[in-house]
Structures are given as C-alpha cells and as structure tokens.
Amino acid sequence: SFYKPARCFKANKRRIKKYFTKKLYRYLSFMRFFIKILSIIFFIYSCSNDYDDNVNLSENENLNIEDFIYKSMNSYYLWNDSVQNLDDSKFVSDKDYFNFLESSDGPDDLFDKLKFTDDRFSIITNDYIRLQNQFNSISLGNGMKFGLKVLENNFDIIGYVRYVLDGSNAHLEGIKRGTFFNRVNQTELNTDNYRELLFSNSSSYSIGLAKLENNEFKSLDENINLINSEILEKELHTQKIITIDNKRIGYLFYNGFNASQQNDLSITFEEFKNNNINELIVDLRYNPGGSVQNTQFLAGLIAGEKSGQIFANMNYNNKLSRFNRQIEIIDSNIRLGLSRIYFLVSKNSASASELLINGLDPHIETIVIGTNTYGKNVGGSIIYDYISEQIINPNHFWALYPVIFSISNSLGFDDYSSGLIPDIFLEENLSNLGEIGNISEPLLKIAIEHIIGREINTNKSSFHDQMITKEIMIENGLMFY
C-alpha cells in the first residue's frame with residue numbers, strides 16, 4: 001500500500017505529459033499552416049502590385065502633392081459624385097491612378113480636372129500662408145480699397161476708390177473714396193495688364209489720377225506713389241447712431257466676417273442697446289464673406305430674441321453626410337427688440353454676407369437695398385497636406401480651399417446662385433458715390449427715407465450707366481467653417 005500512491009503519481013505524470021505533447025503538436029501544426037497562409041497571401045499581394053514597384057512618392061515631390069490633391073478632392077469635395085475623374089471606380093490599379101496623376105501638367109492642372117463644371121469658388125494655392133492671412137484680414141497693401149470697371153467699347157479699365165483704411169499709406173497720401181485712376185506705373189490699365197500692375201505683391205506702385213467729366217474719364221497729370229506693407233484690416237470700418245424724425249438708427253459699415261474681431265461688434269451693439277436704437281442698417285456692399293461662426297455671432301447680436309432658433313443648414317457630400325448639421329442663432333445677451341433690419345448690398349456682397357441675410361430672413365423682416373448680390377450659397381475650408389495628425393508637410397506650401405458644404409436657411413432656401421434679389425434696386429453710381437456713413441450717401445439715404453416713410457426716388461443720375469460694361473470681381477467670396 002505504501003507504493004500505490006507513487007505508482008498513481010507516475011501514471012498521472014505520463015498522462016499529463018502525453019496530453020501537453022498533443023497540445024503542443026496541434027499548436028505547432030496550426031502555426032505552420034498559418035505561416036503558409038500568410039506566405040501565400042503575401043505572394044499574391046506582391047504579385048498583384050508589381051506595377052507599383054517603381055512608384056516612390058517620397059522621391060517624387062510633385063507626385064506627392066498631386067496625390068494629396070486627388071485624395072482631398074475625392075474625400076471632401078461637395079460635388080465629388082458629379083466629377084467623373086473623382087469616381088471611386090475610375091482606376092482599376094495603382095498604376096492607372098499614378099499614370100493619371102502624372103498625365104497632369106502640375107498641381108494646378110490636376111485641380112482643374114477635378115473641379116465640377118459650374119464651380120466658381122474652389123481654389124488651390126502654392127502659398128497657404130498668404131491664404132491664411134487673407135482669412136484673417138491680413139494682406140499686403142497700402143490701405144486703398146478699390147474697384148475696377150471695364151469701359152464701354154474697349155478694354156480699358158478705370159479704378160475707383162471704395163474706401164480707405166484709417167492711418168494707412170493711402171490715407172496719409174490723401175486718397176479718398178471716389179478717387180479715380182487709370183494708370184499704374186505710367187502704364188494705362190487694361191484687361192491684359194491690370195493683374196500684373198496691381199496685384200504683383202510689389203513693394204510700391206504709382207497711380208495716375210483721372211476725373212469724370214461729361215460722362216468721360218480724362219487723365220490728370222497727377223501721380224501718387226503708394227507703398228505696400230502688411231496690413232491688418234479692421235473689418236468694422238464705420239459705426240454710428242443716426243437720429244432723425246424720432247428714429248434712432250444704428251448703422252454699421254462691415255467689410256468681412258473675421259471671428260477674431262468679434263469684440264468690435266460686441267462693443268458696437270452694446271452701444272446700440274444702451275442708446276435704444278429702434279432701426280438698424282447693416283452695410284455689406286463690399287463684404288466678400290468669411291467665418292460662418294462670426295456670421296452666427298452677428299445674427300445673434302441683431303436678433304438676440306431669436307437665439308437658439310435654426311439659422312442655417314449645412315450639408316456635405318455623401319461620404320461626409322454624418323457631419324450634416326443645423327446651426328443656431330447664437331445668444332449674445334443683446335436684445336434690441338427690432339422688427340426689421342435693412343441691408344445695403346452690391347455684387348460684391350458675397351458668401352457669409354448672403355448667409356447673414358438669408359439666415360435671418362425667416363426670423364425677422366429683412367429689407368435689402370442695392371443690386372443682386374454675388375451668389376455664393378456654398379462654403380469651404382483650407383485643406384492642408386498633413387503628414388501626421390498635427391504636422392503639415394514641411395516640403396511644400398500647397399493647400400486647397402475646395403467647396404465642401406452647401407448652406408440653406410431654416411426653411412431650406414438656398415436658391416440664390418445668381419445672387420439675392422434686392423427689395424429696392426439701386427446701383428452705386430460713379431458720378432455720385434457719396435461718403436460712407438453720411439446720410440446723403442445714395443444707398444444709406446434710400447434706407448433712411450424708407451424708414452421714416454418718405455417717398456423713395458431711385459432714378460439714375462445723368463451719368464450714363466451703359467458707359468460701364470463690367471465690374472471686375474477682385475475678391476472671391478469666402479465662407480468657411
């Protein structure tokens with residue numbers, strides 16, 4: 001009996017050893033099978049990609065940039081399903097894909113091939129710093145904000161000053177709203193040379209003045225030299241309270257929706273509230289747009305009583321439809337108690353300016369004075385070539401600003417690609433531009449007359465409008481989120 005437990009122990013040891021030997025054998029057999037399967041998969045994958053052996057993005061910077069452009073447009077572009085070149089089934093192999101990229105004559109050419117036919121707004125740049133600055137109201141300039149018009153029956157261009165930034169070089173040189181010029185650096189402006197002469201980022205240039213006489217522009221002997229420097233524009237150019245016939249009218253001349261300058265708006269509307277204004281005129285005639293958030297903020301200042309209500313619907317492409325959203329009128333804690341609002345507009349009122357008008361329209365009576373606006377009911381965002389979550393590719397400065405969302409008001413209205421139609425039509429007249437903020441300035445005068453119930457006269461002056469055939473759009477409308 002003494003040896004029985006020992007015999008049992010030895011028997012159990014043999015059974016345990018046999019059990020684990022079988023387990024180990026099965027495990028090793030499985031691993032050998034798994035390795036064989038991996039080898040087969042790797043072989044098939046390697047063979048299927050033989051055509052890509054010679055493609056090395058890291059050694060071909062231009063191809064790397066074009067790869068970034070294509071993938072960005074394929075993912076983010078609002079109209080990606082309407083562009084054949086962006087179809088997910090277009091390429092049957094990587095070789096086809098890279099051949100397509102290499103067939104383009106550089107990034108600009110590729111970008112054009114990927115745009116929807118009717119897209120007027122998407123842009124590409126090889127200097128995203130400059131684009132960032134534009135979004136932040138920073139530019140190289142002299143403070144002279146001007147428009148350009150092509151004269152009738154020829155290709156000559158006349159420049160006219162819309163407004164001048166306080167304290168700028170142009171301001172110090174005596175340039176004012178209504179100043180005309182037709183020459184730059186002693187060269188007459190025309191449709192072939194105006195870009196090079198006015199937008200070449202030179203450190204300075206001279207303008208040759210002109211005057212309007214008997215419906216004709218005539219050159220003057222006077223030339224003014226203007227020096228360019230980096231300027232941060234204050235978007236809220238003019239704000240005031242106009243008192244007339246027991247009406248206290250708030251007026252602001254606003255030239256861009258820059259979120260970093262919201263405090264200026266807050267201060268102005270606090271003043272409007274403290275002075276109990278009962279009418280409001282927002283002058284957006286030269287406002288090309290900007291930040292959606294800043295537009296929401298201004299909507300909240302204007303119509304604070306409507307805070308929390310739907311301001312706009314933002315819709316993306318099918319791949320990004322999970323980001324579709326409704327945005328609200330922000331609660332600014334300002335309550336003006338307005339029953340209506342006046343907007344002064346022109347063809348240069350674009351994007352976020354149009355969003356402000358269209359977004360408020362279902363919530364408060366809007367009276368629009370001027371011409372049809374620009375007609376941009378979509379927005380975008382700067383797309384960078386990120387090589388990691390927070391690092392932009394340091395080897396180039398290319399970036400995209402493609403259209404990535406459409407926008408409508410709370411009623412779903414977004415049919416203004418040809419511009420919002422004014423309630424009272426009045427076009428700025430070069431023979432009588434007037435002074436911004438002065439009650440005799442034609443657009444502001446009409447708004448005031450409508451407010452106080454006077455008869456409105458929008459007859460054109462003696463200046464023959466057909467003398468001007470086309471306004472050259474200088475700034476592309478901006479709306480970004």
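For this chain, numbers begin at 1 and follow the sequence in order.
Judged by distance alone, with hydrogens and angles left aside, the side-chain atoms of Glu354 form a donor-acceptor pair with the main-chain N or O of Gly375 at under 3.5 Å. With Lys149 contributing its side chain and Ile157 its backbone, the two residues share no donor-acceptor pair below 3.5 Å. Side-chain atoms of Asn317 come within 3.5 Å of backbone N or O of Tyr77 as a donor-acceptor pair. In this structure, the side chain of Asn190 engages the main chain of Asp192 through a donor-acceptor pair within 3.5 Å. In this structure, the side chain of Gln293 does not engage the main chain of Ala259 through any donor-acceptor pair within 3.5 Å. No donor-acceptor distance shorter than 3.5 angstrom exists from the side chain of Tyr194 to the backbone of Gly159, with no hydrogens or angles considered. With hydrogens and angles ignored, the 3.5 Å screen pairs no side-chain donor or acceptor of Asn377 with any backbone N or O of Ile407. Not a single donor-acceptor pair under 3.5 Å links the side chain of Asn74 to the backbone N or O of Asp87. For Ser307 (side chain) and Gly304 (main-chain N/O), a donor-acceptor pair under 3.5 Å exists by modelled atom type. In this structure, the side chain of Thr187 does not engage the main chain of Arg183 through any donor-acceptor pair within 3.5 Å.
Atom CD1 of Ile421 is surrounded by 12 or fewer heavy atoms from other residues, nucleotides or ligands within 6.0 Å. Counting non-hydrogen atoms of neighbouring residues, nucleotides and ligands closer than 6.0 angstrom, the NZ atom of Lys347 exceeds 12 such neighbours. Within 6.0 Å of CD1 on Ile364 lie more than 12 heavy atoms contributed by other residues, nucleotides or ligands. More than 12 heavy-atom neighbours from other residues, nucleotides or ligands sit within 6.0 angstrom of CD on Gln132. Counting non-hydrogen atoms of other residues, nucleotides and ligands closer than 6.0 Å to CZ of Phe413 gives a total above 12. Around atom NZ of Lys90, more than 12 heavy atoms belonging to other residues, nucleotides or ligands sit under 6.0 Å away. For Phe297, the CZ atom sits in a packed shell: over 12 heavy atoms of surrounding residues, nucleotides or ligands are nearer than 6.0 Å. Within a 6.0 Å sphere centred on CZ of Arg130, heavy atoms belonging to other residues, nucleotides or ligands number 12 at most.
Listed by chain and number, the residues in a ring-ring contact (aromatic ring centres under 6.0 Å, His included) with His237 are Tyr163, Phe253 (sequence neighbours excluded). A search for ring-ring contact (aromatic ring centres under 6.0 Å, His included) contacts involving Phe91 returns Tyr70, Tyr97, Phe100, not counting sequence neighbours. Applying the side chain to side chain donor-acceptor pair (under 3.5 Å) test to Ser260 and every residue at least two apart in sequence or in another chain returns Asn258. Annotation: side chain to side chain donor-acceptor pair (under 3.5 Å) contacts of Glu188 (sequence neighbours excluded): none. For Phe343, there are no ring-ring contact (aromatic ring centres under 6.0 Å, His included) partners, not counting sequence neighbours.
Side-chain atoms of Leu63 and Asp67, non-hydrogen and from C-beta on, never get closer than 4.5 Å to each other. Within the 4.5 Å cutoff, the side chain of Leu226 has heavy atoms near those of the Glu173 side chain. By the 4.5 Å heavy-atom criterion applied to side chains, Ile281 and Leu344 are counted as neighbours. Side-chain contact check for Ile310 versus Ile327: every heavy-atom pair is 4.5 Å or farther apart. A 4.5 Å side-chain heavy-atom check between Val282 and Leu252 finds at least one atom pair inside the cut-off. The closest side-chain heavy-atom distance from Leu444 to Ile448 is below 4.5 Å. For the pair Ile249 and Leu280, the minimum side-chain heavy-atom distance is 4.5 Å or more. You'll find the side chain of Phe111 stays beyond 4.5 Å of the side chain of Ser104, heavy atoms only.
Within the 6.0 Å centre-distance limit, the rings of Phe181 and Phe146 are counted as a close aromatic pair. Less than 6.0 angstrom separates the ring centroid of Tyr316 from the ring centroid of Phe405. You'll find the ring centres of Tyr384 and Phe68 outside the 6.0 Å limit.
Using modelled atom types, one finds a donor on one side chain and an acceptor on the other under 3.5 Å when comparing Ser122 with Asp119. With hydrogens and angles left out, the side-chain atoms of Asn287 and Ser353 include a donor and acceptor closer than 3.5 Å. A donor and an acceptor atom, one from each side chain of Asp361 and Thr366, are located under 3.5 Å apart. No hydrogens or angles considered: a donor-acceptor pair under 3.5 Å links the side chains of Asn393 and Asp385. Remark: the Asn228 side chain and the Tyr205 side chain contain no N/O donor-acceptor pair separated by less than 3.5 Å.
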Legend entry - side-chain contact (heavy atoms from CB on, under 4.5 Å) assessment of Ile424 paired with Ile456: CA-CA 9 Å; Ile424 301 172; Ile456 295 175; 3.9 Å; yes
Inset, instruction - Before giving the answer on side-chain contact (heavy atoms from CB on, under 4.5 Å), spell out for Leu189 and Leu197 the whole-Å C-alpha distance, their side-chain angles and the decisive distance to 0.1 Å. - result: CA-CA 8 Å; Leu189 287 171; Leu197 291 173; 3.9 Å; yes
Inset, instruction - Show your reasoning for whether side chain to side chain donor-acceptor pair (under 3.5 Å) applies to Asp127 and Thr125. - result: CA-CA 5 Å; Asp127 182 4; Thr125 178; 5.8 Å; no
Inset, instruction - List the steps and the verdict of side-chain contact (heavy atoms from CB on, under 4.5 Å) for Leu151 and Phe217. - result: CA-CA 9 Å; Leu151 300 182; Phe217 286 101; 4.0 Å; yes
Inset, instruction - List the steps, then state whether side-chain contact (heavy atoms from CB on, under 4.5 Å) holds for Leu420 with Tyr374. - result: CA-CA 8 Å; Leu420 295 170; Tyr374 187 67; over 6 Å; no
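Atom CG of Asn333 sits about 10.0 Å away from atom CG of Leu301, to the nearest 0.5 Å. In this structure, CD1 on Ile231 lies 5.5 Å from OG on Ser168, to the nearest 0.5 angstrom. Within the model, atoms CD of Glu235 and CD of Gln262 stand 12.0 Å from one another, a figure rounded to the nearest 0.5 Å. Taken from CG in Leu426 to OG in Ser346, the straight-line distance is 11.5 Å, to the nearest 0.5 Å. Put simply, CD1 on Ile129 and CD on Gln134 are 13.5 Å apart, with the number rounded to the nearest 0.5 Å. Distance CD1/Ile267 to CG/Leu236: 9.5 Å, rounded to 0.5 Å.
We find that Lys145 and Glu233 are joined by a salt bridge, their nearest charged nitrogen and carboxylate oxygen being less than 4.0 Å apart. Contact check on Lys319 versus Asp88 returns a salt bridge, with a Lys/Arg side-chain nitrogen under 4.0 Å from an Asp/Glu carboxylate oxygen. A salt bridge links Glu471 with Arg162: at least one charged nitrogen is closer than 4.0 Å to a carboxylate oxygen.
The only member of Trp398, Phe397, Tyr401 that meets ring pair (Phe, Tyr, Trp, His ring centres under 6.0 Å) when paired with Tyr128 is Phe397.
Listed by first then second residue, pairs satisfying salt bridge (charged side-chain N to carboxylate O under 4.0 Å, His left out) with a partner in residues 284-294 read Asp283-Arg285, Arg285-Glu428, Arg285-Glu441, not counting sequence neighbours.
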